[in-house]
Structure formats: C-alpha cells, structure tokens
Amino acid sequence: MKAAQQGDTRAYRALLEEVQPWLTRFFARRMAWGMADDLTQETLLAVHAKRHTYDPALPFIAWIAAIAHYKWVDWVRRQVVRGEVELPDQIPVAADDHAVHARLSIDRLLAVLPPKQAEAIRRVKLEGLSIEEASLASGQSVSLVKVNIHRGLQRMARLLEHKTDVE
Amino acid sequence: MSAKLIDNLVADLVPVNRLRPMQFWGLAGLAGLASVAAILMNVGLRADFAGTLQSLPLLWKTLATLALAIVLSLFVFRASQPGTRIGTYHWLVLAMLLAIFWIPGAIGFVRHEGNAVLNVDPRTCLGCIAAAALIPLAAYLFWLRKAAPVHPARAGALAGLAAGAIGAFAFANHCPHLEYQYISVFYTLPSLLLAAIGALLAKWFCTW
C-alpha cells in the first residue's frame, strides 16, 4: 500500500488481488455469498478512495480490517432501516443456499436478543406475518410487537457496531 | 466482476499525499490560535490579568483546559484513522485530567463554599466558549471528512469535546470567574453541547 500511495500500479494490483479474496471470506462469514461479493466491491472502492489515510508505520491488516468492519456495520444499518419500511416479501432471494446463509447469520443475531424481541422479529420479518397476526400468535399487543421489532433491530445493529474482534 | 473493478481501480491510481500527524497538529494549532485571537479581539483579557497571572485558580483553569484540549485532540486524530484505537492508557490520562478539572469544584460543592456563584448568569461564558469553539470544531470536521473515521458519530463527538476544551482555554484568560464550582460546571456545558452537535454533523458529513 505504501508503494501504491506513490503510484506504483503493479504493487497496487498485487495488493488488491490479494485483499479481494480475504474480503470476500470476511463478509461471507457474516452474510449470504451474493451480498458478500457486493460488499467486497464496495470495500475495494473505499480502500481506493481512502488510501491516503493509511500510515505505513502501522499494520496494513488492522487498517483494511477496520474498513471492512465499518462497511459491514454500515450494511447492517442499511438493512435495519430497509427492514422497517419494506415488507418482507419484497426482499428478493436469488437461491435457496443464499437464503440459508442469510438465515444462519440472522439466527445467530436473534439468539442474543431478549426472547420477546427475537420472537417479534422472527414472526414478522422472517416468517412474513403481519403485525396483527404476529400479535395474535405471540400474545403481545400490536403496539408491543412494533416496539419489540424496533428495539430488537436497533440492538442487533448496536451489537454489530460494538463488535471489536476482527477476524 | 471484482477483476474488472480491480482493473479500473489500478487504471485510476495516482500518487496521493498521505495524511500525516503533523498536518493534523498544524491544523489544530492554527484553529486554537484563531480561537484565542477571536476572544482577544472581541472581549480581550480580563481587566486584572497581570495581577492574577500567578493565582492558582487562573493557572489551574488555563493549564487544565489546555491539557484537555491536547488530549482530546489526540483522540480525534486517532478516531480519524482506520485501524488505530484509543487505548486504555489514553483513557486513563483523560480520566486523570478530568479529575483534576472537576474534583476542586466537587470539593467546593461538598463544603458549600461559594455555591452562590452558580446563581450568576453564565450566558456570557457559555456563549463565548461555544463561539470560540466553532472554529476548531469546523477544522476537526473538515479533517474527519478528509480522513476515514470508522465511527463517524463517535469521532464527531470527540471533535466537539476537543473544540469545547479549546474554546474554554481561549476564554479562560478573559473570564472573570475563578471559582472552582463555576468553572467545573460552566466550562463543561458548552463542550457537551458541542459534542452532540459534532456527533450529528459528523454522522451527516463524514460518513464514507
């Protein structure tokens, strides 16, 4: 990266080609494969735009990992916002394996929420029930279901944002 | 698809001027000087400055606000770069400085000494400190926009706190008050307000 900052295109290409699979693995552990590829490209663009912020005296892996983590948290935040304004059946799923990967990631997140919040999110966002149907099924009032969904999604976003260990 | 992107990025590569610590500290220094100049030009030094120059409260508030401004500015710099953390050691130093700043006032409150000073209208102090802090706040937000803060809101809040400390330092030698309780409360409030403003502005303007 130090050479790239000085305009060395060969070094830069070698760096990006080495970093790209690492980024894809980083995101694939956290989301569906198709989304991982999109986020990898987004992160490569960010690396390019912000390459002037890298200090050669510091480890490169810490710098790239922090950028990848930032992009991932930003992605989760966008999903949280989108999840509050769009109906679940508008979220496209390209293939069963992508849905399985996404579901596994979400299940891990739901496991750390309070049971009522996790149940509300699971019924409305994953199973596709309406708020009223989820209220009847769970025994929570309509307003409580909405509050639990909102708080649960916010808590998921905060948990992801405060995650400090970077793989 | 990534291969094509890599081709495009390599084709777009040009040498860049790396962000260096001296650039940040130069910007911070200039912003601090501008704050001090703004205070001196608008309200000047306190009338008895020469006489109180060596008084403990004046030295205390001047040095404490300066030390806080420097440490918080360091936090802003570290928050502006991916991969750098504000470590435990840094937080301990900040905690120590805050204790030096707040404990004299807290002791005064406990002893009920001079609490009547809190009935004084603080709007001039609050307004002057906040106004003086706007220059360094703008400078730090400009830096954060050029840099890459991975927690923009947090970095903006730190920028607000640092700017508030700079404004307090700039105003310290005009402000007629030397009471520890007054300084502890009314020099801190503008920083907290600016931290909230900095967090909001950084969230809007410094995301990337």
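Predicted model only: the values in this text are computed from it and were never measured. Here is the naming used below: chain letters follow the sequence lines, and residue numbers restart at 1 for every chain. As a basis for the values below, the full set of heavy atoms in this structure was taken, side chains included, without hydrogen atoms, waters or symmetry mates.
The distance from the CG atom of B:Asn8 to the CG atom of A:Leu16 is 11.5 Å, given to the nearest 0.5 Å. Taking CZ of B:Arg18 as the reference point, atom NE2 of A:His52 lies at 11.5 Å (rounded to 0.5 Å). In this structure, the separation between OG1 on A:Thr9 and CG on B:Leu9 is 12.5 Å, given to the nearest 0.5 Å.
Within 6.0 Å of CH2 on B:Trp25 lie more than 12 heavy atoms contributed by other residues, nucleotides or ligands. The number of heavy atoms from other shown groups lying within 6.0 Å of CZ (A:Phe60) is above 12. Under a cut-off of 6.0 angstrom, the local environment of CZ in B:Arg78 is crowded, with over 12 non-hydrogen atoms contributed by other residues, nucleotides or ligands.
Both the backbone and the side chain of A:Leu44 have a heavy atom closer than 4.5 Å to some heavy atom of chain B. Interface residue B:Pro149: only backbone heavy atoms are found under 4.5 Å from chain A. Interface residue A:Tyr54: only backbone heavy atoms are found under 4.5 Å from chain B. For A:Gln6, the part sitting under 4.5 Å from any heavy atom of chain B is the backbone (N, CA, C, O) and nothing else.
When atom types are taken as modelled, the side chain of A:Tyr70 and the backbone of B:Trp208 share a donor-acceptor pair closer than 3.5 angstrom.
Between B:Asp12 and A:His48, the side chains place a donor N or O and an acceptor N or O closer than 3.5 Å (distance only, hydrogens not considered).
When each of B:Val16, B:Thr207, B:Asn17, B:Val14 is scored by its heavy-atom pairs under 4.5 Å with chain A, the top score falls to B:Val16. Listed options B:Thr84, B:Val150, B:Leu13 were ranked by heavy-atom pairs under 4.5 angstrom with chain A; first place goes to B:Leu13. Chain B forms more heavy-atom pairs under 4.5 Å with one residue of A:Glu17, A:Lys71, A:Arg51 than with any other, namely A:Arg51. The candidate from A:Asp55, A:Thr40, A:Val47 with the greatest count of non-hydrogen atom pairs under 4.5 Å with chain B is A:Asp55.
A salt bridge is defined here as a Lys NZ or Arg NE, NH1 or NH2 lying under 4.0 Å from an Asp or Glu carboxylate O, and A:Arg13 with B:Asp7 meets this definition.
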